[in-house]
Amino acid sequence: MDITFDHVSYTYQPNTPFEHRALDDLSFTIQSGSFVAVIGHTGSGKSTLIQHLNGLLQPTEGQVQVGPYTMKAGEKNKQLMKLRENVGVVFQYPEHQLFEETVEKDIGFGPQNFGVGQDEIKRRTKEAVQAVKLPEELLERSPFDLSGGQMRRVAISGVLAMDPEVLVLDEPTAGLDPNGRKEIMDMFYHLHQEKGLTTVLVTHSMEDALAYADHIIIMNQGKVYREGTPLEIFKQQQALEDVQLDVPEVVSFLKMARDYGLDLEYEGQTIAELAKEIALKVKGGGDHE
Amino acid sequence: MSSSLIIGQYIPSDSVIHRLDPRSKIAVIFFYVVIVFFANSVMSYGVLALFALSSAVLSKVPFSYIMKGLKPVWFLVIFTFLLHLFVTREGEVAFSLFGWAVYEEGLIQGAAISLRFFLLILVTSLLTLTTTPIEITDAIEELLGPLKKVKFPVHELALMMSISLRFIPTLMQETEKISKAQASRGVDFRTGAFKDRVKAVVPLLVPLFVSAFKRAEELAMAMEARGYQGGEGRTKLRELKLERRDWLLFAVFILLAAVLFLTRS
Ligand SMILES: Nc1ncnc2c1ncn2[C@@H]1O[C@H](COP(=O)(O)OP(=O)(O)O)[C@@H](O)[C@H]1O
Ligand SMILES: [Mg+2]
C-alpha cells in the first residue's frame, strides 16, 4: 500500500498551556513494498508520525493516505477497523501489551478482534511463532512466565498474526541484547521480502537503517529534515552531525581514511568490499618501491 | 518523562499565588469553604467572588484554561440551578416557562447555590493549579503533624499520598500507551454494546496492574536499598516557612470574613 502524507501537522493538547506541535507540515510518500527507516532524535516526532499510519492519531492539519484509506483533519474515518487490520504496529516495548492467560490466546487476540475464523487463527499463530523462532511448547504457557526476550517475541507474533500488509515497527529491538537484535531484525527483513510488505521502521541504529532500508526519512523537530536512499543520506555526514545523528561505521571509517590520505568515496560499499578497495589502494601505493 | 502531560494539572509559573506557602493556601481554602456557607446577601457573595476572582487573576493561569478545567462541573452547576428553579415553590411567581411556574425564591436560591458551588470549585482548583502535588503533601503532613501525638501515622499517610500522586502521570501515560497498542490489535473502546465495552477493558487493565505491581516492587526495593525506614528522625530538603506574603494573605482573609459576617442579612 502506498502511504502519502500531505502537509500533515499534529498538535498535542491544543489550546492549553501544554500545547505542543509534534509534527509540523510533513509531506512525503512511501512506495508500496518499500522498507523505510525513520530516524531522528528523541522527541523529534517519530512515534507521533507512525501513530498516524493506523489512525490512532488523526492529523490536526493535512491528510494522510494509506492505500485506499484517508485520514483528513477534522473528518471522521469510518473504516478505522479495516485500516488497523491492514497496518500492524509493533510498539516500543510491545511485551507490555500482553494480557491473556496463554501465549496462544494472546497471539490470537488481534485476528479474533478482526473476525478471523478459529482454524485460520490456529494456522497463523503457528506460522507467527515459527517466524519469531519461539518454541511451540510455549503456546500453552502464561506469557508472564516467560523471559523478557520471549515476551517480546510473543508480542511481535501477535501483530504478525494479524497478517498485515503494512508493518510498522517502533524501535522493535530496544532493550534486547545484540544477538536478539540481529535475529529479530533479520526476521522482519525476511518477512518483508517474502510477503511483499511495506515496512516502516523507527530506529536509532544507523547500522540497521543502512542494512535494511531502501529509503530513509530523517526527522528533526517535527519536520522532515532529509529524505532519500541510504547512499544519499549517509553521504551528508555534516548535515547528520548538525542534528546530533551518527553515520554508520563504514561511513565514519571512510572519513577517517580520508584524513589519512586515502581518497575513497562512499558508494554503499559493505565492510568487506571496502577492505578490498583499501587493500588495492595500499598495495598500489606500495608498488613503486 | 515528558513534562507536557498534565501533572495533577499543575501549571508552573512564578506568580504570588504559586509562591505562597502551601500550608497557608490549604488553610485559607479550608476556611473559605466554611465561610462560603455563611453567605446570604448580595454583598457577602460579592466579596467572596471578588476574593476568588482576584486570586485567579493573581495566579497568572490563563482564565480560559481554568474554565476548561471546570468544564465537567459546569453541568452540575447548571443542574443544581435548574433543580432549584423548578422545585422551589415559595414567594411570588416570577414568570412561567412552558406552563411551569418559576418562583422568585427559586431563582434566588438557584443562583445562590450554583454561585456557591462555582466558587468552591474555583478556589480548590486554583490550589491544584498553582501548587505541586509534592508541596500539597508536605503541607498536609505538617498540618496534620499534631496528630502524631496520638500515634496517627501522618508520615506514612503523606508518603502514600506523594507516591500515588507521583505515579498518576506515569499511570496515565501507560494507560494511553496500552490502549493504543490494543486498539491497534482491533480492540474498539468507543463503540459497540455495553457488554463488549466492558470486555474491552480487560486487555487494558491486566497490563496496567502488572506494570503497577512491578513498579511498586522496584520502588520498595530502591527505597530499602537506600536505607529508608520511616518518618522517625527524618529531615527535609525543603523546609516550609511562612513569609510576609503569607501573613498578608491571612490579613486579607480575616478582613474578608469580617466583611462577610457584617454584611450578612
Ligand atoms: N501524549 C502526549 N502528550 C503531549 N505531548 C506528547 C505526547 N506524546 C509525545 N508528546 C511530545 O511530542 C514530541 C514528539 O514525541 P514523539 O513522537 O514520542 O517523539 P519520538 O518518538 O521521536 O521520540 C515530544 O516533544 C513529546 O514530548
Ligand atoms: Mg518514540
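Within every chain, numbering begins at 1; the chains are lettered A, B, ... in the order of the sequence lines, protein sequences first and strands thereafter. Owing to the predicted nature of the structure, the values given are computational and were not obtained by experimental measurement.
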- Item | Check ion pair A:Arg84-B:Asp188 (N to O, under 4.0 angstrom) |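 Looking at A:Arg84 and B:Asp188, the cut-off is not met.
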Just checking [X]: does its [atom1] atom have more than 12 heavy atoms from other residues, nucleotides or ligands closer to it than 6.0 angstrom?
X        : atom1 : result
A:Asp119 : CG    : no
A:Glu61  : CD    : yes
A:Glu101 : CD    : no
B:Phe209 : CZ    : no
B:Phe31  : CZ    : no
B:Phe30  : CZ    : no

- Query: Which bit of B:Val210 is near chain A, if near means a heavy-atom gap under 4.5 Å: side chain, backbone, both or neither?
  - Reply: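 Just its side chain gets close to chain A.
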- Query: For B:Ser184, is it the side chain, the backbone, both or neither that has a heavy atom under 4.5 Å from a heavy atom of chain A?
  - Reply: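 Backbone plus side chain of B:Ser184, per the 4.5 Å heavy-atom cut-off to chain A.
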- Query: Looking at B:Tyr65 and A:Phe18, what are the two nearest heavy atoms and their distance?
  - Reply: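 Of all heavy-atom pairs spanning B:Tyr65 and A:Phe18, the closest is OH-CE1, 3.5 Å.
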- How close do B:Arg185 and A:Met162 get, heavy atom to heavy atom, and via which atoms?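 Result for this residue pair: CA-SD, 4.0 Å.
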- Query: With only heavy atoms counted, which part of A:Glu85 is less than 4.5 Å from chain B, the side chain, the backbone, both or neither?
  - Reply: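 Neither the backbone nor the side chain of A:Glu85 comes within 4.5 Å of chain B.
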- Item | Contact listing (chain B partner; residues 40-48 of chain A; heavy atom under 4.5 Å) |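 Near chain B, by residue number: none.
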- Query: From B:Gln182 CD over to A:Asn113 CG, what is the distance, rounded to the nearest 0.5 angstrom?
  - Reply: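 It is 8.5 Å, given to the nearest 0.5 Å.
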- Sidechain-backbone polar pair: B:Lys177 side chain, A:Gln92 backbone, donor-acceptor under 3.5 Å: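 Looks like yes, one N/O pair under 3.5 Å.
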- chain A neighbours within residues 75-82 of chain B, where any heavy atom lies under 4.5 Å away: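 The list, in residue order, is empty: none.
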- Contacts of residues 45-58 of chain B with chain A (heavy atom under 4.5 Å):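 No residue falls under the 4.5 Å cut-off.
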- With sequence neighbours excluded, residues passing ring-ring contact (aromatic ring centres under 6.0 Å, His included) with A:Tyr12: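 Once residues adjacent in sequence are excluded, the partners of A:Tyr12 under the ring-ring contact (aromatic ring centres under 6.0 Å, His included) criterion are A:Tyr10.
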- Item | Step-by-step side-chain contact (heavy atoms from CB on, under 4.5 Å) determination, A:Phe144 to B:Val206 | CA-CA 11 Å; A:Phe144 297 107; B:Val206 173; 4.2 Å; yes
- Are A:Leu57 and B:Lys180 close enough that some pair of their side-chain heavy atoms sits under 4.5 Å apart?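 Answer yes - side chains close enough.
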- Query: Quick one: of B:Pro207, B:Pro203, B:Ala183, who has the most non-hydrogen atom pairs under 4.5 Å with chain A?
  - Reply: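 When all of B:Pro207, B:Pro203, B:Ala183 are compared, B:Pro203 has the most.
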